[in-house]
Amino acid sequence: MKELVEVIAKALVKNPDQVNVTVVEEDNSTVLELRVASDDMGKIIGKQGRIAKAVRTVVKAAATRENKKVAVEIV
């Protein structure tokens, strides 16, 4: 899942070298924290959060195939 988020984020931003994804294991789920340069924050979130929602949807679909619960947080 981490690699999936990295690939998507690097394709969207202007500074792909500043994309960082951290995996945080919680009770029965995994949280992926996505960090990008402050200039690229708008590109990751998108108008009215559409791009962020799309990224979360893709990750959720991939996690469902593996019977896991994964959330994406943009920090």
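No hydrogens, no waters, no symmetry mates; every other heavy atom, side chains included, goes into these values. Position 1 is the first residue of the sequence; numbering continues from there.
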Practice prompt. Hey, could you give me the CG/NZ distance between Asp40 and Lys10, rounded to the nearest 0.5 Å?
Written response: 12.5 Å
Worksheet entry | Ile44 side chain reached by Leu12 side chain, heavy atoms, under 4.5 Å | yes
Worksheet item: Are side-chain heavy atoms of Ile45 and Ile51 found at a separation under 4.5 Å?
Response: no
Worksheet item: Does the pair Ile8 and Val58 meet the rule for a side-chain contact (heavy atoms from CB on, under 4.5 Å), with working shown?
Response: CA-CA 10 Å; Ile8 293 171; Val58 169; 4.1 Å; yes
Worksheet item: In this structure, which one of Arg35, Glu6, Met1 forms a side-chain contact (heavy atoms from CB on, under 4.5 Å) with Val21?
Response: Glu6
Worksheet item: Can you tell if the side chain of Val19 reaches within under 4.5 Å of the side chain of Leu34, non-hydrogen atoms only?
Response: yes
Practice prompt. Return the minimal non-hydrogen interatomic distance between Lys69 and Asn28, and the atom names on each side.
Written response: CB-O, 4.1 Å
Practice prompt. For atom CD of Glu66, decide whether the heavy atoms of other residues, nucleotides or ligands shown that lie under 6.0 angstrom number more than 12.
Written response: yes
Worksheet item: Can you check whether Val59 reaches Leu4 side chain to side chain, under 4.5 Å on heavy atoms?
Response: yes
Discussion item. Looking at Lys60, I'd like to know if its NZ atom is crowded, meaning that more than 12 non-hydrogen atoms belonging to other residues, nucleotides or ligands lie closer than 6.0 Å.
Written reply: no
Practice prompt. Could you state whether Val72 and Val23 fall into the same hydrophobic cluster, counting links through intermediate Ile, Leu, Val, Met, Phe, Trp or Tyr residues with side-chain heavy atoms under 4.5 angstrom apart?
Written response: yes
Practice prompt. Quick one: closest heavy-atom pair of Gln18 and Ala37, and the distance?
Written response: OE1-CB, 2.7 Å
Worksheet item: Would a 4.5 Å heavy-atom cut-off, applied to side chains only, mark Met41 and Ile74 as touching?
Response: yes
Fill in: Heavy-atom side-chain proximity of Val5 to Glu33 below 4.5 angstrom
no
Discussion item. Quick check: do Glu73 and Leu32 have side-chain heavy atoms less than 4.5 Å from each other?
Written reply: no
